[in-house]
> 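Okay, here's the structure, questions in a sec.
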Amino acid sequence: MTEPHFLIIDDHPLYLEALQSVLLASFGSCTVTVADSIAAARAKLQSEPADLILLDLKLPGSEGLEGFMEIRRSWPKTPLAVISALADVNVIQRIQELGADGFVHKSQGR
């Protein structure tokens with residue numbers, strides 16, 4: 001069995017490192033790839049599919065939910081969880097309606 005491959009898309013280096021550390025500690029044997037933009041994520045996903053995508057909603061060059069929608073549309077079968085500092089119930093409900101498989105608030109612990 002192959003090890004799981006995670007893609008984290010976030011523009012904050014410290015948060016990327018923290019989430020990467022949590023995944024590596026939790027899963028032991030896994031691959032974690034990081035991207036700081038939708039364009040970088042697209043390039044990485046085209047060369048190596050992920051088993052789970054963790055996507056920050058607020059990214060440079062991406063307005064509103066457009067980055068989320070692009071990733072969801074391009075990789076509809078890949079599980080996609082949103083990680084965000086936004087706590088607006090309407091936003092969370094909307095991304096779930098649009099196909100998010102989960103939501104992780106950035107204030108949550110390990």
> Taking it one step at a time, do Thr78 and Leu7 satisfy side chain to side chain contact (heavy atoms under 4.5 Å, CB included)?
CA-CA 11 Å; Thr78 303; Leu7 173 62; over 6 Å; no
> Is the backbone N or O of His5 less than 3.5 Å from a side-chain atom of Thr31, with the two atoms forming a donor-acceptor pair by type?
no
> Show the nearest heavy-atom pair for residues Val32 and Cys30, with the distance to one decimal.
CG2-SG, 3.9 Å
> Quick one: does Arg72's side chain get under 4.5 Å of Leu98's, heavy atoms only?
no
> Are Met69 and Ile83 connected, step by step, through hydrophobic side chains (Ile, Leu, Val, Met, Phe, Trp, Tyr) whose heavy atoms are closer than 4.5 Å?
no
> Starting from Leu59, can I reach Leu86 by hopping between I/L/V/M/F/W/Y residues whose side chains sit under 4.5 Å apart?
yes
> Is there a path of hydrophobic side-chain contacts, each under 4.5 Å between heavy atoms of I/L/V/M/F/W/Y residues, joining Ile71 to Val82?
yes
> Please say yes or no: joined through hydrophobic side-chain contacts below 4.5 Å, possibly via intermediate residues, are Leu19 and Ile53 part of one cluster?
no
> Same hydrophobic cluster for Leu24 and Val22, using side-chain heavy-atom links shorter than 4.5 Å among ILVMFWY?
no
> Looking at every non-hydrogen atom in both residues, tell me the closest pair between Phe103 and Ile92 and how far apart they are.
CE2-CD1, 3.6 Å
> Taking side chain to side chain donor-acceptor pair (under 3.5 Å) as the cut-off, I'd like each qualifying pair that reaches into residues 34-55, sequence neighbours left out, listed once.
Arg42-Glu70
> Would you check, one step at a time, whether the test side chain to side chain contact (heavy atoms under 4.5 Å, CB included) holds for Leu65 with Ile95?
CA-CA 8 Å; Leu65 299 178; Ile95 61 166; 3.7 Å; yes
> Is there a side-chain contact between Tyr15 and Asp56, using heavy atoms and a 4.5 Å cut-off?
no
> Is the closest side-chain heavy-atom distance between Leu55 and Ile38 below 4.5 Å?
yes
> Considering non-hydrogen atoms only, spot the tightest contact between Gly67 and Ser62 and give its length.
N-OG, 2.9 Å
> Determine whether more than 12 heavy atoms belonging to other residues, nucleotides or ligands lie under 6.0 Å from atom CD of Gln108.
yes
> Checking side chain to side chain contact (heavy atoms under 4.5 Å, CB included) for the pair Leu45/Ser74: CA distance, chi angles, key distance, verdict?
CA-CA 10 Å; Leu45 286 165; Ser74 298; over 6 Å; no
> Does Phe68 form a side chain to side chain contact (heavy atoms under 4.5 Å, CB included) with Leu80? I'd like the steps, not just the answer.
CA-CA 9 Å; Phe68 168 82; Leu80 172 60; 3.3 Å; yes
> Quick one: are Leu54 and Leu52 in side-chain contact, heavy atoms under 4.5 Å?
yes
> Using a distance-only test with no angle check, is there a side-chain donor-acceptor pair under 3.5 angstrom linking His105 and Ser84?
no
> Scan for salt bridge (charged side-chain N to carboxylate O under 4.0 Å, His left out) pairs involving residues 5-25, sequence neighbours excluded, and state none if there are none.
Asp10-Lys106
> Is there a side-chain contact between Val34 and Ile9 in this structure, where contact means two heavy atoms from C-beta onward sitting under 4.5 Å apart?
no
> Can you give me the closest heavy-atom contact between Ser29 and Pro4, atom names plus distance?
O-CD, 3.5 Å
